Structures are given as C-alpha cells and as structure tokens.
Amino acid sequence: MWAGNAWRAALFGVPRGRRAQSALAQLRGILEGELEGIRGAGTWKSERVITSRQGPHIRVDGVSGGILNFCANNYLGLSSHPKVIQAGLQALEEFGAGLSSVRFICGTQSIHKNLEAKIAHFHQREDAILYPSCFDANAGLFEALLTPEDAVLSDELNHASIIDGIRLCKAHKYRYRHLDMADLEAKLQEAQKHRLRLVATDGAFSMDGDIAPLQEICHLASRYGALVFVDECHATGFLGPTGRWDHVAPEAWGGASEGGYTTGPGPLVSLLRQRARPYLFSNSLPPAVVGCASKALDLLMESNTIVQSMAAKTQRFRSKMEAAGFTISGASHPICPVMLGDARLASRMADDMLKRGIFVIGFSYPVVPKGKARIRVQISAVHSEEDIDRCVEAFVEVGQLHGALP
C-alpha cells in the first residue's frame with residue numbers, strides 16, 4: 001500500500017504531504033478572503049458569552065454589572081421558570097441524560113409520546129412529531145410530503161429553515177410577494193395544474209415583526225383547494241387570546257412547527273415518522289428538554305395571564321420608541337425591529353447599548369436584505385415597565401450619539 005502511494009506521489013512530482021499542505025494553504029487563503037470581506041462590509045457577527053441563566057436580567061462575560069436582555073426568543077419568560085426547571089430535573093433523574101438512539105430504534109420514551117399528544121391537544125390537531133430543532137422540522141416536512149407533481153407557494157420573506165426545506169423537495173416552487181394576498185391568489189391560480197398545492201408561511205416573521213393574515217390565506221387556500229403550513233416559532237403561546245392563533249378558521253389545516261415539532265393531520269405525521277430524514281437520522285430529544293417543554297405547555301394551558309401581559313408591554317415599547325423618532329417595523333408583535341438601514345450603524349449602536357447595560361444585537365445582510373439593517377428588540381413577559389423604559393432611554397441616548405436621531 002505504501003509503495004503504491006509513493007509511486008503516485010512520484011508520478012505527480014510532488015510529495016503527498018506537500019500536496020495536502022498546498023491544498024490546505026489554498027483553502028485558508030480563500031477563507032481568509034471571505035472573512036475579510038465580511039469584516040469590511042460591517043456584517044461580522046460576534047458571539048457574546050452569557051455567564052448566567054437566560055432571562056430579562058443576565059450577566060455577560062467581560063461586562064461588569066447586570067445586563068438587561070432584550071434580544072432573546074424568551075417571549076413567554078419561561079426559559080428559567082422554577083417549575084420548568086424542576087420538571088427538567090425530574091425528567092433527567094427519572095429518564096436519564098439522553099437516549100443514544102434515534103426514535104425508531106430505541107429512542108422513544110413515554111415522555112416523548114406524552115409531549116407529542118399534549119402538543120396536538122394544545123393546537124387542536126390530530127397528532128404531532130418531535131424534532132431536535134425547528135430547522136429540522138422544516139427540513140423534514142417538504143421533502144417527505146411533496147413530489148414533482150405538487151407545488152409549494154412560499155412567502156418571499158419566510159425563515160431560512162422554510163426556504164432550505166423547500167429547496168430539498170422536488171415540487172414546483174412559487175414565491176409570492178410578502179403578505180401580498182393578490183399575488184398569492186395569482187400564484188394559486190397558476191398552480192392549479194399541480195396535484196397538491198401547499199402554501200407555506202411564517203405566522204410571525206422573525207426579522208420584521210409583522211404577522212401573516214392567516215384568515216385570508218386560509219380563505220384563499222380553501223377557494224383554490226390548497227393546504228396551509230404555518231411556522232409558529234414566533235407565535236405559539238402568545239398570539240391570539242389563548243396563544244393558539246385563535247383567529248384562524250378551525251376547519252383549516254395549518255401544520256405548525258415551532259422549535260422542534262410539527263403538528264397536523266394524523267396521516268401526515270405518520271408519513272413524517274417514516275420519511276422525514278431529520279427525524280429518522282437524529283437522536284431523540286433529551287428527556288430534560290422534553291420535561292421542560294411539557295411543563296411550559298402546562299403553564300400556558302392553565303392561564304392566559306402571560307398572553308394578556310405581552311400586548312401591553314409591547315405597546316409600551318413601540319409607542320415610546322416611535323414618539324422618540326425611531327421607525328419600528330411590524331405591528332403589535334413583541335418583535336420590534338428598530339430600522340436603521342446601515343449595517344455598521346446597527347452594529348455600533350448595539351455595542352454602545354451594551355455599554356449602557358442593554359443587550360441587543362444588530363442584524364444585517366445576509367440575515368436581512370442589504371440596506372435594511374436593524375436592531376431587533378424582543379419583549380418578554382418577564383420584562384418590567386421599568387426595564388422597558390430603561391431600554392428606550394438608552395436607545396434615545398445612543399441614537400442621538402450616532403446621528404440616528406436629531
């Protein structure tokens with residue numbers, strides 16, 4: 001074997017080790033060029049290190065004192081809820097740290113089945129299936145469900161996980177203008193020649209804070225014989241009077257995937273268990289995660305207090321920021337994008353907000369379109385009015401410092 005390798009190296013005139021080093025050096029040069037381009041464009045994303053639990057008040061490595069966190073997906077404030085943590089500890093003690101297996105081999109425990117049943121009940125659907133992440137849920141759906149005979153119609157601003165999931169399938173692909181129901185109807189008319197038609201949309205759009213008109217979407221889908229898929233990552237638990245999209249017609253199907261599950265008709269879920277690659281080839285969710293999620297759903301179903309508190313706090317932040325002169329995208333959603341336009345401005349303002357004890361992040365291309373950089377603020381049920389007012393005051397000070405405000 002060695003003789004063969006030596007012969008090949010001699011044939012090409014370069015020792016094998018040197019060729020490998022040369023290829024690695026070439027790759028390194030290409031990567032450094034790409035990274036320098038990101039830095040030069042002002043779109044470099046650094047990772048701040050949190051040294052405490054997730055919550056409205058956190059500690060950040062290298063920053064003295066407590067920090068107010070306004071950029072977590074912790075809308076419901078349950079990430080560090082005592083009952084949620086206790087449920088996770090109990091599941092860890094009773095069911096162990098992990099399954100070391102995919103679901104269909106030896107990776108299904110009673111708590112997984114119980115959580116799936118609870119999710120389906122919460123959403124008033126027939127069944128549910130768990131995934132390690134929402135990205136996996138969306139990666140698994142479209143390829144398993146749709147064939148070259150079918151069509152999928154996607155909002156142009158859908159989340160990357162929906163876009164990538166659609167790319168994996170062989171269905172005909174239509175993209176309609178963001179929230180434009182006339183364009184969706186035109187695309188549905190064009191897609192009538194296909195076997196199945198599936199409209200895919202975010203329920204709430206994570207970068208813009210706007211909400212899909214689901215009643216209108218479901219009405220159009222019914223008129224043109226289409227199915228509807230809704231990604232509820234930024235909606236479940238707090239949109240609608242009970243946090244369950246109560247304004248959607250109950251007879252409409254809305255397959256919802258949120259942070260690790262898809263729920264919908266029983267046959268669909270059964271098909272996903274047989275064909276969804278992220279489900280078939282990923283180890284099961286750890287018991288502690290399942291226990292925490294189950295308790296969080298219990299808390300949501302016990303009371304709508306969290307839902308009621310979100311609207312008032314969101315309105316407080318939005319109204320005060322707009323009164324100060326900022327442009328806030330979206331409407332009535334706890335995602336409150338502070339629109340700035342310039343990537344460097346968004347990054348520098350976010351850094352200066354941290355110096356004032358406010359943790360927010362600037363978003364720029366490729367996460368959002370070029371020229372639409374922003375700082376995304378996310379309101380949590382566990383923020384106090386004082387927290388919100390302090391955040392607004394810091395924004396005003398930093399905005400004036402950088403010329404974003406007069």
Side-chain angles (χ1 to χ4, degrees), residues 42 55-58 65-77 157 178-179 202-213 234-235 238-241 243 247 305-364 367-369 371-406:
H57 302 269
I58 59 174
I67 303 295
L68 279 176
N69 188 2
F70 274 91
C71 63
N73 296 336
N74 188 26
Y75 305 111
L76 304 172
L157 294 188
H178 182 50
L179 305 184
D202 275 309
F205 291 81
S206 62
M207 285 298 124
D208 295 274
D210 44 17
I211 300 170
H234 299 272
F238 59 90
L239 284 190
H247 57 288
T305 302
I306 295 175
V307 177
Q308 293 174 345
S309 72
M310 290 297 300
K313 292 176 181 179
T314 298
Q315 179 59 29
R316 185 181 187 90
F317 178 83
R318 284 181 171 272
S319 62
K320 283 179 173 288
M321 287 289 285
E322 289 171 350
F326 286 104
T327 299
I328 310 299
S329 178
S332 70
H333 193 282
I335 293 175
C336 304
V338 183
M339 304 304 294
L340 299 169
D342 183 73
R344 290 186 181 86
L345 174 63
S347 178
R348 290 169 182 167
M349 282 185 60
D351 289 342
D352 281 346
M353 289 289 286
L354 184 61
K355 295 175 183 177
R356 289 159 176 78
I358 308 294
F359 194 127
V360 289
I361 295 292
F363 287 84
S364 56
V367 180
V368 296
K372 294 188 177 182
R374 66 202 66 182
I375 292 176
R376 184 180 68 176
V377 174
Q378 290 164 283
I379 306 300
S380 172
V382 287
H383 282 131
S384 67
E385 291 185 351
E386 291 75 16
D387 294 338
I388 292 171
D389 293 347
R390 182 179 160 195
C391 182
V392 173
E393 290 167 5
F395 260 111
V396 171
E397 184 178 338
V398 171
Q400 292 172 342
L401 177 66
H402 288 274
L405 290 179

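Computed from a predicted model, the values in this text were never measured in an experiment.
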Which atom names give the shortest non-hydrogen contact between [X] and [Y], and what distance separates them?
X: Val367; Y: Phe363; result: CG1-CD2, 3.6 Å
X: Asp210; Y: Leu179; result: OD2-CD1, 3.8 Å
X: Ala350; Y: Val360; result: CB-O, 3.7 Å
X: Met349; Y: Ala404; result: SD-CB, 4.0 Å
X: Asn74; Y: Gly55; result: ND2-CA, 4.2 Å

message: Are His383 and Phe317 an aromatic pair, judged by ring center distance below 6.0 Å?
response: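 Centroid separation for Phe317 and His383: 6.0 Å or greater.
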
Mind checking the [atom1]-[atom2] spacing from [X] to [Y]? Nearest 0.5 Å is all I need.
X: Ser309; Y: Ile379; atom1: OG; atom2: CD1; result: 11.5 Å
X: Leu345; Y: Ser347; atom1: CG; atom2: OG; result: 9.5 Å
X: Arg348; Y: Leu340; atom1: CZ; atom2: CG; result: 12.5 Å
X: Lys313; Y: Ser380; atom1: NZ; atom2: OG; result: 7.0 Å
X: Thr314; Y: Tyr75; atom1: OG1; atom2: OH; result: 10.0 Å
X: Lys372; Y: Ser364; atom1: NZ; atom2: OG; result: 14.5 Å

- request: Take His57 and Leu68, measure what side chain to side chain contact (heavy atoms under 4.5 Å, CB included) needs, and give me the verdict at the end.
  value: CA-CA 5 Å; His57 302 269; Leu68 279 176; 3.2 Å; yes

- prompt: Excluding sequence neighbours, so at least two apart, what forms side-chain hydrogen bond (donor to acceptor under 3.5 Å, both in side chains) with Ser384?
  reply: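 For Ser384, the residues satisfying side-chain hydrogen bond (donor to acceptor under 3.5 Å, both in side chains) (neighbours in sequence not counted) are Glu386, Asp387.
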
- prompt: Can you list every pair that meets side chain to side chain donor-acceptor pair (under 3.5 Å) and has a residue in residues 388-406, with sequence neighbours left out?
  reply: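 Listed by first then second residue: Arg316-Asp389, Asp352-His402, Arg356-Glu397.
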
Ignoring hydrogens and angles, write down the donor-acceptor pairs under 3.5 Å from the side chains of residues 320-338, residues two or more places apart or on other chains.
residue : atom : partner : partner atom : Å
Ser329  : OG   : Asp208  : O            : 2.9
His333  : ND1  : Ile335  : N            : 2.8
His333  : NE2  : His234  : O            : 2.7

- prompt: Taking the side chain from Asn69 and the backbone from Cys71, do they hold a donor-acceptor pair closer than 3.5 Å?
  reply: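 Yes, Asn69 side chain to Cys71 backbone: donor-acceptor pair under 3.5 Å.
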
